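Sequence lines set the chain letters: A, B, ... in the order given, protein chains first and strands last, and positions in each chain run from 1. In this text the structure is predicted, and so the values were computed from the model without any measurement.
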Number of protein chains: 2
Amino acid sequence: MQRPTIKTIAQETGLSIATVSKALKSSPQVRPETRAIVVAAAERVGYELNMHGVQLRTGKTYQVAAIMTAPGPKQQEWEGVEYAQLLSGISWALEDSPYRVSLYAVRNFEESLATIRQIVALKKADGIIVSGTRADDPRIRIMQAADFPFVTYGTTIHNDAHAYVDADNEQMIRRSVARLVERGHRRIALINPLADLSYAITRLAAYRQALDVAGLAFDPVLVAHDRLTPAFGRESVLAMSRLPDPPTAYICANEASALGAFSGFHERGLVHGRDAVINATDDLNVSQYFAPPITTYFLPIHEPSELLGSYILRRMEGEPPEALQALIMPRLIERSDDRVTPKR
Amino acid sequence: MQRPTIKTIAQETGLSIATVSKALKSSPQVRPETRAIVVAAAERVGYELNMHGVQLRTGKTYQVAAIMTAPGPKQQEWEGVEYAQLLSGISWALEDSPYRVSLYAVRNFEESLATIRQIVALKKADGIIVSGTRADDPRIRIMQAADFPFVTYGTTIHNDAHAYVDADNEQMIRRSVARLVERGHRRIALINPLADLSYAITRLAAYRQALDVAGLAFDPVLVAHDRLTPAFGRESVLAMSRLPDPPTAYICANEASALGAFSGFHERGLVHGRDAVINATDDLNVSQYFAPPITTYFLPIHEPSELLGSYILRRMEGEPPEALQALIMPRLIERSDDRVTPKR
DNA sequence: ACAAAGAAGTTAAACGTTTTTATTTTGATA
DNA sequence: TATCAAAATAAAAACGTTTAACTTCTTTGT
């Protein structure tokens, strides 16, 4: 009992395989009645399109490559990136399409570059979704040069226009800083991602602007850049809290680093709300379980991820990249007053 | 400038495509010298095997389906399952093979069942990796009935022998309980995953046995089953801590629920180490940043995940499932004394 | 009534491989 | 040197689909 093909249907209906093929894709070249007959036969024999034939014939792969940069096995630090949810969101957005998500796990930027180069050159996918964008991202130039459909999770600064989805980091930081300033903070630390990531730069710029607006001086010792692990959050607090004029507020770029910051507080004997406060950008919805719960800007990860999925679909259908750009504003969740009792 | 095919090489070398094909896969039917010529030509023209042709011809897909059960968008609770690391571990294990990881995100058990049924029936992959096994798992029966290669992350209890990778939950719980008993605990809570998951059952059984060994009575109110979110950990502590005879130790099945348990402590004014302690099973390496750090059984997730990858490869090559079973014993990391000061 | 145009369907080729079968070449033996 | 088996290579078919080019039939306009 072989799996039925269009040939099976052709025999079944007495039509040619060409007509069957056209009928199944509702070509206008075939009469509605004929089409009905074909569809009925297909149904009857339990026909399912064999993608391998299609792929060979058309050259399309029906794969969307998701490039996931995960640290190697030795660095087992949790970075709090809910890639899983990101991937499932993308996957669900593609659910009703013939496309599948194909995973490319890479260890670092260079590997992602090489991988993308290969996917583009050998056409191993029809579209690419890539995250961890840099200010001037060579991967994007490669894809653009080859006219290859892609969407980034994260903006860029010096690249030509492309499709992207991102949180509105600028607004978020500006408002974060302004809010803390309103509550009396004068020394605000920025726990930022790796310096070459585009959103690190955006956040830093917004931070400086917001300080400017508030009439506060920018102090480079209050800014730290690194991979957003709990260790990094912890180290930052340990270091900054022993400054002569330590920060009274820490803005952490994610929840993993915020958790680490708490660990630093604990180590130093700092009390949240008395000595300093922690704010964060949140996509796991987990900060509410911190002790105490902290104020965050929350962006449920399924929003950007589903957008990424639908954007790549539209991009592969030829929509211009300019139409496929979204900055999503996370919403403020105030879980703490975030004032500190003035130092005596 | 077309992409070179074996035809290109055939013209280049004056050989037939059949010989080229055989030469490239080092068939003994072709002379070493001829093979050398072909390989050189392939190199020269930059030939890369086109999988679509292979797939159509051989019926193999060169895809390994990873079934990932992620909760739907509405349930945005973090479950602490590092699927991302799991997936990347698998992906890396397949790196040097022609296989790719194809992602199937499903919302629940029923969907995973349907998805697996489809993959098996339509041969959309050559192998399947599935997690969240149940005591008697119908998905496994489907794959076994079709003689379809698969590996599970998690054991089963009532199914026929199959390839699996899992943490040694039984040992882990037994030792956990014994250790806590040694430290004077008499009321030990078990914060367990969903009751129908196989490892929930294993853990519960081990827990009961360990209590037995220690001469302690089993009290069902000290056991809770649910999705391992922080919310669940929190609720469990809130509920159990107001029992007439509350637990002095909580064994949490993962770090997400442990984090929630901390949140419950905070809410109730419980102090870790004075009123009760929290232990956990850990695969994110994040418990060290809790305040205070807690004792865990730690299993770096890349170990099981790389094993999953290599097992599925070997399984697809026909190795018998009995040879592909691994229980990994997580290692104890004592970060806290875990005694509690006796209630006065 | 008849050519032209349009509609609906068929034929055949092609995508890049693998593999079965057929053919040629090689080298050893008589 | 002819013969034959073995070794090496070539020819051809097949996997399932799409699509360009062609054929047949129907409709339309003059």
Legend entry - Residue pair B/Tyr83, B/Ser131: steps toward the side-chain hydrogen bond (donor to acceptor under 3.5 Å, both in side chains) verdict: CA-CA 10 Å; B/Tyr83 268 117; B/Ser131 60; 3.2 Å; yes

Legend entry - Length of the CZ-P vector between B/Arg57 and D/dT17, whole Å: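 Rounded to whole Å, this separation is 16 Å.
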
Inset, instruction - Rounded to the nearest angstrom, tell me the gap between atom CD1 in B/Ile17 and atom P in D/dA14. - result: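 After rounding, the reported distance stands at 15 Å.
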
Inset, instruction - Taking all non-hydrogen atoms of both residues into account, name the closest pair between A/Leu308 and A/Ile129 and its distance. - result: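 Heavy atoms of A/Leu308 and A/Ile129 come nearest at O-CD1, 4.0 Å.
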
Legend entry - Closest non-hydrogen atom pair, B/Ser88 against A/Met68: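 Distance-wise, the nearest heavy atoms are CB-CE, 3.5 Å.
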
Legend entry - Of all pairs that satisfy salt bridge (Lys or Arg N to Asp or Glu O under 4.0 Å), the ones with a partner from residues 111-122 of chain A, not counting sequence neighbours: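 Matches after skipping sequence neighbours: A/Arg107-A/Glu111.
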
Legend entry - Inter- and intrachain pairs under salt bridge (Lys or Arg N to Asp or Glu O under 4.0 Å), touching residues 43-55 of chain B, at least two apart: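 Passing the test, one end in residues 43-55 of chain B: B/Glu12-B/Arg44.
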
Inset, instruction - Report yes if the side chains of A/Thr133 and A/Asn159 come closer than 4.5 Å at any heavy-atom pair, otherwise no. - result: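 No - every pair of side-chain heavy atoms lies 4.5 Å or more apart.
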
For [X], which residues count as a side chain to side chain donor-acceptor pair (under 3.5 Å) partner, sequence neighbours excluded?
| X | answer |
| --- | --- |
| B/Tyr99 | B/Lys60 |
| B/Glu322 | none |
| B/Arg57 | none |
| A/Thr69 | none |

Legend entry - Along DNA chain C, first and last positions that approach a heavy atom of chain B under 4.0 Å: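 The contacted stretch runs from C/dG16 to C/dT20.
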
N/O donor to acceptor pairs below 3.5 angstrom from side-chain atoms of residues 119-128 of chain B, sequence neighbours left out:
from     : atom 1 : to       : atom 2 : distance (Å)
B/Lys123 : NZ     : B/Asp126 : OD1    : 3.1
B/Asp126 : OD1    : B/Thr61  : N      : 3.0
B/Asp126 : OD1    : B/Thr61  : OG1    : 3.0
B/Asp126 : OD2    : B/Thr61  : N      : 3.2
B/Asp126 : OD2    : B/Thr61  : OG1    : 3.4
B/Asp126 : OD2    : B/Tyr62  : N      : 2.6

Inset, instruction - For DNA chain D, find the residues of residues 8-16 of chain A with a heavy-atom distance under 4.0 Å and give them by number; none if there aren't any. - result: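 Of all residues in residues 8-16 of chain A, none places a heavy atom under 4.0 Å from DNA chain D.
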
Inset, instruction - Assign A/Leu49 to base, sugar-phosphate, or nothing according to its heavy-atom contacts below 4.0 angstrom with the strands shown. - result: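 Sugar-phosphate only.
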
Legend entry - Of residues 18-44 of chain B, the positions that come close to DNA chain C - non-hydrogen atoms, cut-off under 4.0 Å: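 Going residue by residue through residues 18-44 of chain B, the ones with a heavy atom under 4.0 Å of DNA chain C turn out to be B/Ala18, B/Ser21, B/Lys22, B/Lys25.
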
Legend entry - D/dT17 OP1/OP2 closer than 4.0 Å to side-chain N/O of A/Tyr47: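 Yes, because at least one side-chain N or O of A/Tyr47 sits under 4.0 Å from OP1 or OP2 of D/dT17.
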
Inset, instruction - Could you note down all residue pairs passing ring-ring contact (aromatic ring centres under 6.0 Å, His included) where residues 122-151 of chain B supplies at least one of them, sequence neighbours left out? - result: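 For residues 122-151 of chain B, and leaving out neighbouring residues, the ring-ring contact (aromatic ring centres under 6.0 Å, His included) pairs sorted by first residue read B/Phe150-B/His162.
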
Legend entry - End-to-end axis angle, where each axis spans five pairs of the helix from C/dA1-D/dT30 to C/dA30-D/dT1, to 10°: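 The helix from C/dA1-D/dT30 to C/dA30-D/dT1 shows an end-to-end axis angle of 60°.
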
Legend entry - Heavy-atom donor-acceptor pair, A/Ser91 side chain to A/Leu87 backbone, under 3.5 Å: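 No: the side chain of A/Ser91 does not pair with the backbone of A/Leu87.
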
